[in-house]
Amino acid sequence: MSDSPLTPLCSIISLLFPLLLIVIIFFFRRKHPRLNLPPGRMGWPFIGETIGYLKPYPATTVGDFMEQHIARYGKIYKSKLFGEPAIVSADAGLNRYILQNEGKLFECSYPRSIGGILGKWSMLVLVGDMHRDMRAISLNFLSHARLRTHLLKEVEKHTLLVLSSWKENCTFSAQDEAKKFTFNLMADHIMSLDPGNLETELLKKEYVTFMKGVVSAPLNFPGTAYRRALKSRSTILNFIEVKMEERVKRMEENENLEEDDLLNWVLKHSNLSTEQILDLILSLLFAGHETSSVAIALAIHFLPGSPRAIQQLREEHIKIAKAKKEAGEVELTWEDYKSMEFTHCVVNETLRLGNVVRFLHRKALKDVRYKGYDIPCGWKVLPVVAAVHLDPSLFDQPQHFNPWRWQSNNNGSSTTCIEGSCPSGSSNSTASQIFMPFGGGPRLCAGSELAKVEMAVFIHHLILNFQWDLADETDQAYVYPFVDFPKGLPIKVHRHSLI
Ligand code: HEM
Ligand SMILES: *[C@@H]1O[C@H](CO)[C@@H](O)[C@H](O)[C@H]1NC(C)=O
Ligand SMILES: *[C@@H]1O[C@H](CO)[C@@H](O)[C@H](O)[C@H]1NC(C)=O
Ligand SMILES: *[C@@H]1O[C@H](CO)[C@@H](O)[C@H](O)[C@H]1NC(C)=O
Ligand SMILES: *[C@@H]1O[C@H](CO)[C@@H](O)[C@H](O)[C@H]1NC(C)=O
Ligand SMILES: *[C@@H]1O[C@H](CO)[C@@H](O)[C@H](O)[C@H]1NC(C)=O
């Protein structure tokens, strides 16, 4: 019956509603004229497709999620990840574009949990001027000049120290040994901590707990890995602060500080607050330790699969070692390092196939248009560098460990794809445009050169002194999304002397 007072209201609403919708759509259209988002799906509310994206997979592959999405949507697709709408890019050109336009069109944007644990002054989360200043300090400390004069020596010292502890015929975790090496090196270089010293060992233990939190879900409840890591963080910071106060005291007493480490350098040459120095040191310890140790473990894992590469490495390093012996030299020089041509190929190939850092976190600062697609302002943007390194249209047989693909045999032409490995019909990009294991642009890894020196010097002494076998062939690197060998990469070694 029509005497219900609701009926006219209902009919007005039902009339107005479509009108309202049209008005909303009209305004939305005006604000975003013909937005052409990349294809893709947003998945579940809030979490979106995060669970699928983060599902572990072997490090030498792009993973099922990525493979299926690329097959369905192409190399640029939209999704919802880490609680935000995101554009995922497996496209070499877009990745490069994103990294080159840091601070202009895109900006570094790591999940809040990373800032919570690494600190708000950590290099990984800083942007703008503060990032520039912190970066300048790190670069100064990891400069080419210092690499030649200081770091190369320290790298060799710590390599020999770790290798000398390896026992014949015993099975041990190569990943742990690589971690020991890079941790000792960084702790020495940053704060002059002695390897094997009780406090260094305690710090290392604390650091392991800390690391588990960095990579765990950021749930701050009693008993979670994240909570424990936050506790470790403060223990580590306390430790560094005590070191720092000792130095400051000595400085005030006009004592000449002899340690040539990062701590002294920042105290003498920078205006950073205590809190800033602590976060800087912690983030350098993190950035310089977790990554290069994984890279070394990956090389130890890949090489036994290619006896020909091992043979060629032996020849290269025997030659260097023999020449040094005849010249009466003991320590490796920068020229020796530079002469390790084939080793550099092995290093690049290890980084290409193993992909220590899989993808980077960015966000769009403006509406950006790329190859006809729109990337809306504020969206997360994830350049997946690993997907480019494993792209069969850019690298011939990408799953294959083939250091020779890096050998220059293209007679000086600079516009081929990776020399010697161009599949027919592939694009003409140069290696530096598509190979980005250290990121790129204004945030290119500050320690990339150090990391390569670490890998090459470690390989030098490893090859000259040991023959090794993988004790568990099933243990391969997985992406969690940090790269890790679940069983620690057990190996068995035999000492030999090739010179
Ligand atoms: C194989 C080993 C390594 C790999 C694959 C690697 C990779 C990367 C990548 C991809 C970035 C860029 C992150 C981003 O743009 O969001 C980065 C940044 C950085 N890395 Fe490395 N890294 C390695 C070793 C090292 C070492 C040994 C150090 C020495 C302390 C180091 C220090 C840094 C620092 C300080 C940054 C921040 C740079 C900035 O934000 O300006 N890395 N690294
Ligand atoms: C190493 O161990 C194997 C058995 O595991 C044994 O046959 C071999 O003699 C050992 N070699 C050395 C040098 O101890
Ligand atoms: C330290 O701060 C002072 C004043 O705030 C400034 O003049 C000086 O240039 C700064 N030094 C460095 C190394 O940043
Ligand atoms: C390794 O890759 C870098 C780019 O990151 C390139 O500049 C270098 O020439 C490569 N090394 C070799 C031996 O191809
Ligand atoms: C490079 O030059 C050598 C001789 O100069 C030739 O034998 C070889 O085929 C050339 N390689 C390519 C890729 O052009
Ligand atoms: C690649 O080739 C295209 C057309 O063949 C050309 O327009 C482009 O400039 C080339 N890129 C490089 C880096 O040589």
Side-chain angles (χ1 to χ4, degrees), residues 95 98-100 102-103 106-110 114 118 122-127 130-142 146-147 151 155 178 181-183 185-187 189-190 262 280-299 338 340-352 354-363 381-386 389 403-410 414 418-421 430-456 458 482-483:
N95 287 357
I98 294 165
L99 298 181
Q100 297 295 334
E102 172 76 19
F106 302 94
E107 190 174 78
C108 195
S109 168
Y110 281 84
I114 299 274
L118 286 179
S122 150
M123 295 229 3
L124 216 53
V125 298
L126 284 178
V127 293
M130 202 56 226
H131 169 257
R132 197 200 47 211
D133 294 350
M134 288 280 203
R135 181 175 169 86
I137 292 172
S138 319
L139 282 180
N140 189 295
F141 211 68
L142 297 162
R146 280 190 64 88
L147 271 168
L151 280 160
V155 169
F181 160 59
T182 57
F183 188 87
L185 175 69
M186 290 314 290
H189 192 55
I190 290 175
L262 179 75
L280 174 71
I281 288 182
L282 191 67
S283 67
L284 278 180
L285 200 59
F286 168 76
H289 157 53
E290 286 302 322
T291 46
S292 39
S293 58
V294 174
I296 289 167
L298 284 164
K338 280 288 160 194
M340 301 174 180
E341 275 178 30
F342 183 66
T343 308
H344 296 314
C345 296
V346 169
V347 166
N348 274 10
E349 184 66 353
T350 301
L351 294 171
R352 181 195 69 78
N355 287 297
V356 179
V357 176
R358 315 296 296 193
F359 66 94
L360 306 173
H361 287 267
R362 295 292 187 270
K363 70 170 183 229
V381 181
L382 304 176
V384 186
V385 288
H389 298 164
W404 295 275
R405 73 172 87 231
W406 295 94
Q407 258 168 1
S408 34
N409 57 357
N410 66 340
S414 64
I418 302 299
E419 294 81 353
S421 76
T430 60
S432 64
Q433 286 172 336
I434 59 174
F435 183 57
M436 294 185 280
F438 297 107
R443 301 188 82 103
L444 176 74
C445 173
S448 61
E449 204 53 52
L450 171 62
K452 288 186 199 170
V453 170
E454 286 177 46
M455 291 175 77
F458 198 92
F482 62 100
V483 177

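The figures here come from the full heavy-atom set of this structure, side chains too, leaving out hydrogens, waters and symmetry mates. Order of listing sets the numbers, starting from 1, for every ligand and every atom in it.
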Report task. Find out whether Val357 and Val483 are in side-chain contact, i.e. whether some heavy atom of one side chain is under 4.5 Å from a heavy atom of the other. Result -> no
Requested in this report: Just jot down the ligand 1 atoms closer than 4.0 angstrom to any heavy atom of Ala295, in number order.
Outcome: 1 (C)
**Report entry** Any Leu382 side-chain heavy atom under 4.5 Å of Arg362 side chain
**Finding:** no
Query raised in the report: Can you find a non-hydrogen atom of Glu454 under 4.0 Å from ligand 1?
Result: yes
Query raised in the report: Is any side-chain heavy atom of Leu142 closer than 4.5 Å to a side-chain heavy atom of Leu147?
Result: no
Report task. Considering only non-hydrogen protein atoms, determine which one is nearest to atom 20 (N) of ligand 1 and report residue, atom name and distance to 0.1 Å. Result -> Cys445 SG, 3.1 Å
Report summary line: Distance col, row Leu99:CG vs Leu360:CG, nearest 0.5 angstrom, shows 6.0 Å
Query raised in the report: Taking N or O atoms only and a 3.5 Å limit, does His131 qualify as a polar contact for ligand 1?
Result: yes
Report summary line: For Met186, the ligand 1 atoms with a heavy-atom partner under 4.0 Å come out as 30 (C)
Report summary line: Per-atom filter on ligand 1: closer than 4.0 angstrom to a heavy atom of Ala451 are 1 (C), 2 (C), 24 (C)
Query raised in the report: Can you find an N or O of Lys452 that's nearer than 3.5 Å to an N or O of ligand 4?
Result: no
Query raised in the report: Are the ring centres of Phe342 and Trp404 closer than 6.0 Å?
Result: yes
Query raised in the report: Would you call the rings of Phe183 and His289 parallel, tilted or perpendicular, where under 30° means parallel and over 60° means perpendicular?
Result: perpendicular
**Report entry** Nearest atoms (heavy-atom pairs only) where Met134 meets Leu280
**Finding:** SD-CD1, 3.8 Å
Report task. Would you check whether His361 reaches within less than 4.0 Å of ligand 1, judged by its heavy atoms? Result -> no
Report task. Quick one: look up the protein heavy atom nearest atom 12 (C) of ligand 1 and list residue, atom name and how far away it is. Result -> Arg443 O, 3.7 Å
Requested in this report: Just jot down the ligand 1 atoms closer than 4.0 angstrom to any heavy atom of Pro437, in number order.
Outcome: 5 (C), 7 (C), 10 (C)
Query raised in the report: If every non-hydrogen atom of Ser293 is compared with every non-hydrogen atom of Thr182, which pair is closest and at what distance?
Result: CB-OG1, 3.3 Å
Query - His289 touching ligand 1 at heavy-atom level, < 4.0 angstrom - result: no
Query raised in the report: Nearest to atom 26 (C) of ligand 1, what protein heavy atom do you find, and at what distance?
Result: Gly288 CA, 3.5 Å
Report task. Please could you name the atoms of ligand 1 that Arg135 approaches to less than 4.0 Å, counting only its heavy atoms? Result -> 38 (C), 39 (C), 41 (O)
Query raised in the report: Under 6.0 Å from the CD atom of Gln100, do we count more than 12 heavy atoms belonging to anything else shown?
Result: yes
Query - Closest protein heavy atom (residue, atom, distance) for atom 6 (C) of ligand 1 - result: Phe438 CD2, 3.6 Å
Query raised in the report: Heavy atoms, side chains only, cut-off 4.5 Å: are Phe286 and Glu290 in contact?
Result: yes
Query raised in the report: Atoms of ligand 1 less than 4.0 Å from Ala446 heavy atoms?
Result: 19 (C), 20 (N), 33 (C), 34 (C), 35 (C), 36 (C)
Query raised in the report: Relative to the heavy atoms of Met123, which atoms of ligand 1 are at a distance of less than 4.0 Å?
Result: 37 (C), 38 (C), 39 (C), 40 (O), 41 (O)
Query - Geometric cation-pi criterion, Arg146 with Phe141: 6.0 Å, 45° - result: yes
**Report entry** Contact check: Asn348 vs ligand 4, nitrogen or oxygen atoms, below 3.5 angstrom
**Finding:** yes
Query raised in the report: Applying a strict 4.0 Å limit to heavy atoms, is Arg362 in contact with ligand 1?
Result: yes
Query raised in the report: Of the choices Ser122, Cys108, Gly439, Ala287, which has the non-hydrogen atom that lies closest to atom 25 (C) of ligand 1?
Result: Ala287
Query raised in the report: Can you find a heavy atom in the side chain of Val385 that is under 4.5 Å from one in the side chain of Pro437?
Result: no
Report summary line: Quick note on ligand 4: atoms under 4.0 Å from a heavy atom of Phe435 include exactly 2 (O), 4 (C), 5 (O)
Report task. Decide, yes or no, whether a salt bridge links Glu349 with Arg405 under the criterion of side-chain N to carboxylate O below 4.0 Å. Result -> yes
Query raised in the report: Is any side-chain heavy atom of Arg352 less than 4.5 Å from a side-chain heavy atom of Phe435?
Result: yes
Query - Contact atoms of ligand 4, heavy-atom distance to Trp406 under 4.0 Å - result: 14 (O)
Report summary line: protein heavy-atom neighbour closest to atom 24 (C) of ligand 1 works out as Thr291 OG1, 3.1 Å
Query - Interfacing atoms of ligand 1 (cut-off 4.0 Å, heavy-atom, Tyr110) - result: 13 (C), 14 (C), 16 (O)
